[in-house]
Amino acid sequence: MPPTRTPTTISVVQSSEGGDRFALKPSLQFILDSDLPFPTNQTLAVNTSNTYQAILGFGGAFTEAASYTYHTMGQAAQEELIEAYFGQNGLGYSLGRVHMGSCDFCLETYSEANSKDDWNLVNFTIARDKLYIIPMVRAAMAKSSIPLNLYLTPWSPPGWMKSNGQMNTSLKPGLIQSTQVFQAWALHFSKFISAYKNEGISFWGLTVQNEPEAAQQFESCVYNPEQERDFLKNFLGPRIKQDHPDIKIMIYDHNKDHIVTWVSTILSDPVAAPFVSGVAFHWYSGFQFENLAAAHALAPDRFFLATEACNCPVSLGTWTNGERYGTDIMGDLNNWAVGWVDWNMILNPLGQPNHLNQSCDAPILADAKTQKITYNPAYYYMGHFSKFLPRGSVRINSLCPTQLTCTAFRTPKDQIIVIVQNINDVAVTFKLQHASTTSSSSPSSPSPSIYAAKAIVDPHAIISFAYQDF
């Protein structure tokens with residue numbers, strides 16, 4: 001059966017090490033596949049009949065470091081920064097991460113509950129957040145054309161709740177093992193959500209603990225899977241269900257190396273499992289996409305969200321840093337991730353501030369002295385996903401040429417988006433092949449109802465192809 005609509009032209013947007021930055025390239029036109037012979041290993045085959053997960057969004061973290069750096073810039077620069085991430089001409093971010101209490105990328109260590117043995121948290125305050133974080137979140141909300149899905153993450157409870165007596169680093173387990181402490185810490189989450197709501201900011205979700213396996217030099221709180229499970233099912237889950245029933249709770253929030261163990265341990269528990277909406281993960285142990293696929297197979301009814309990634313130390317203009325983003329985002333999406341959230345959105349040219357004087361890169365670096373804003377390669381790689389895959393886009397089947405990595409989606413407006421990355425030193429020519437929704441055939445057995453176009457991607461480049469489904 002032939003397609004019911006005439007194939008449309010294909011728009012082509014490329015960023016490359018050679019100098020392209022969201023550059024609009026000459027458009028392509030579909031022709032009959034039979035008129036464009038290409039080897040199978042040089043064919044990118046898209047088939048809309050197989051669908052997978054829907055996109056939740058892309059975003060970054062409103063760290064104190066990012067928001068402080070934002071506030072060191074003048075009004076014009078601040079407007080540029082917010083537009084760059086949240087505007088319709090920018091990346092169109094729809095997700096944001098907020099740390100509850102301090103993290104390493106803060107000016108100093110701090111807590112919202114400093115009064116020891118304040119079990120009812122009567123002295124709880126988010127005064128610190130009102131200095132830098134909340135104003136930047138408000139600016140982002142005002143600029144965004146869609147609601148921002150914000151989620152909170154703790155790095156450490158107040159020191160008086162911890163077994164080592166301080167927020168930095170952690171013993172095993174990190175929390176003092178007492179019902180009184182567990183109840184107070186669960187209440188802390190609820191009060192934080194309520195306090196932000198009083199400022200006009202609603203959270204969409206939370207993660208139980210940032211990197212629960214790691215006792216870092218900075219704010220940390222170690223759990224093993226059983227300890228997080230028990231805190232969730234006995235204290236945090238019931239408290240959030242009672243006080244904030246719409247909040248989505250995500251477990252884990254650490255690297256992909258152990259994601260299967262954590263998913264299996266927590267979601268196999270019949271009491272803990274109903275409290276869990278999704279699984280959060282990081283990239284620092286490697287790409288390990290097979291682990292993500294295995295974890296999804298254990299919990300196909302939960303969403304999987306990449307919640308943190310960055311390159312360290314700061315490295316101005318290093319293209320391979322952007323390529324690392326592209327490779328990880330592409331692989332995560334092809335293995336059931338519903339989105340991808342970067343770490344610090346903005347840092348100064350030293351990759352700071354950081355209260356341990358450590359340095360990491362960010363997609364945007366902003367210099368308070370010169371008021372110069374620098375866009376790193378990671379910014380453009382993020383944009384080739386976030387600008388083209390709005391919330392609700394659904395992944396479709398794509399088979400990629402051996403020299404490239406790729407993924408494909410259908411947007412809510414029935415636009416087909418195909419994202420292709422080339423990390424090689426030479427350009428790659430390939431056939432972009434589309435099997436129509438109304439076609440009964442498949443890319444593996446070409447017929448007159450399948451269309452194709454000849455495409456090329458430059459060395460060390462990423463392309464977003466866009467065309468209307470037909």
Original post:
Which residues pass the ring pair (Phe, Tyr, Trp, His ring centres under 6.0 Å) test with W155, sequence neighbours left out?
Top reply: W343
Subject >> Contacts of W336 that satisfy ring pair (Phe, Tyr, Trp, His ring centres under 6.0 Å) - sequence neighbours left out >> reply: Y52, H296
Original post:
For C400, what residues pass the disulfide bond (SG atoms under 2.5 Å apart) criterion, not counting sequence neighbours?
Top reply: none
Original post:
Taking the six-membered ring for Trp, is the centroid-to-centroid distance between F470 and H434 below 6.0 Å?
Top reply: yes
Original post:
Do the ring centers of F388 and F409 come within less than 6.0 Å of each other?
Top reply: no
Subject >> Non-neighbouring partners of D458 that pass side chain to side chain donor-acceptor pair (under 3.5 Å), sequence neighbours left out >> reply: Q14
**OP:** State, yes or no, whether a side-chain contact exists between I193 and I240 at a heavy-atom distance under 4.5 Å.
**Re:** yes
Subject >> Residues S393 and T411: side-chain donor-acceptor under 3.5 angstrom >> reply: no
Original post:
Which residues pass the side chain to side chain donor-acceptor pair (under 3.5 Å) test with E64, sequence neighbours left out?
Top reply: R128
Subject >> salt bridge (Lys or Arg N to Asp or Glu O under 4.0 Å) assessment of K241 paired with D246 >> reply: CA-CA 8 Å; K241 183 178 180 180; D246 294 333; over 6 Å; no
Subject >> Any donor-acceptor pair under 3.5 Å from K372 side chain to A366 backbone >> reply: no
Original post:
Side chains of Y252 and H258: closer than 4.5 Å at any heavy-atom pair?
Top reply: yes
**OP:** May I ask you to check whether Q288 and W283 show a side-chain donor-acceptor distance below 3.5 Å?
**Re:** no
Original post:
Is there side-chain contact between E80 and I373, with at least one heavy-atom pair below 4.5 Å?
Top reply: yes
**OP:** Please list, chain by chain and in numerical order, all residues satisfying side chain to side chain donor-acceptor pair (under 3.5 Å) with E211, sequence neighbours excluded.
**Re:** Q216, H282
Original post:
Looking only at side chains, do H355 and E219 share a donor and an acceptor under 3.5 Å apart?
Top reply: yes
Original post:
Of all residues at least two apart in sequence or in a different chain, which pass the ring pair (Phe, Tyr, Trp, His ring centres under 6.0 Å) check with F62?
Top reply: F86
Can I get a per-line list of side-chain donor-acceptor pairs under 3.5 Å for residues 377-385, giving both atom names and the distance, sequence neighbours left out?
unit_1, atom_1, unit_2, atom_2, d
Y379, OH, A84, O, 2.7
Y381, OH, W319, NE1, 3.0
H384, ND1, S464, OG, 3.0
H384, NE2, S15, N, 3.4
H384, NE2, S15, OG, 2.8

Original post:
Are Y132 and H71 close enough that their ring centers fall under 6.0 Å?
Top reply: yes
Original post:
Are any of the side-chain heavy atoms of V420 and T405 separated by less than 4.5 Å?
Top reply: no
Original post:
With a 4.5 Å limit on heavy-atom distance, are the side chains of F38 and T429 in contact?
Top reply: yes
Subject >> Between N422 and N424, a side-chain donor and acceptor under 3.5 Å >> reply: yes
Original post:
Does any donor atom in the side chain of S359 or Q352 lie under 3.5 Å from an acceptor atom in the other side chain?
Top reply: no
Original post:
Taking atom types as modelled and ignoring hydrogens, do the side chains of D332 and W340 form a donor-acceptor contact shorter than 3.5 angstrom?
Top reply: yes
**OP:** Please answer whether the main-chain N or O of N89 pairs with a side-chain N or O of E83 as donor and acceptor at a distance below 3.5 Å.
**Re:** yes
Original post:
Does the side chain of T402 pick up a donor-acceptor pair with the side chain of N41 at under 3.5 Å?
Top reply: no
**OP:** For R324, check side chain to side chain donor-acceptor pair (under 3.5 Å) against everything at least two apart and list the hits.
**Re:** N311
**OP:** Please confirm whether the backbone N or O of L56 pairs with a side-chain atom of R391, one donor and one acceptor, at under 3.5 Å?
**Re:** yes
Subject >> Pairwise side-chain contact, I133 with Y68, heavy-atom cut-off 4.5 Å (strictly under) >> reply: no
**OP:** Just jot down the salt bridge (charged side-chain N to carboxylate O under 4.0 Å, His left out) partners of E228, sequence neighbours excluded, or say none.
**Re:** none
Report all side-chain donor-acceptor pairs from residues 21-30 shorter than 3.5 Å, counting only partners two or more places apart or in another chain.
unit_1, atom_1, unit_2, atom_2, d
R21, NH1, S16, O, 2.6
K25, NZ, D20, OD2, 3.0

Original post:
Can you tell me if the gamma sulfurs of C312 and C360 fall under 2.5 Å?
Top reply: yes
**OP:** Using salt bridge (charged side-chain N to carboxylate O under 4.0 Å, His left out) as the criterion, list what pairs up with D342, not counting sequence neighbours.
**Re:** none
Original post:
Checking Q468 side chain against D414 main chain: does a donor-acceptor pair fall under 3.5 Å?
Top reply: yes
Original post:
Does a side-chain heavy-atom distance below 4.5 Å link D253 with R97?
Top reply: yes
Original post:
Can N291 and D257 be counted as having a side-chain donor-acceptor contact under 3.5 angstrom?
Top reply: no
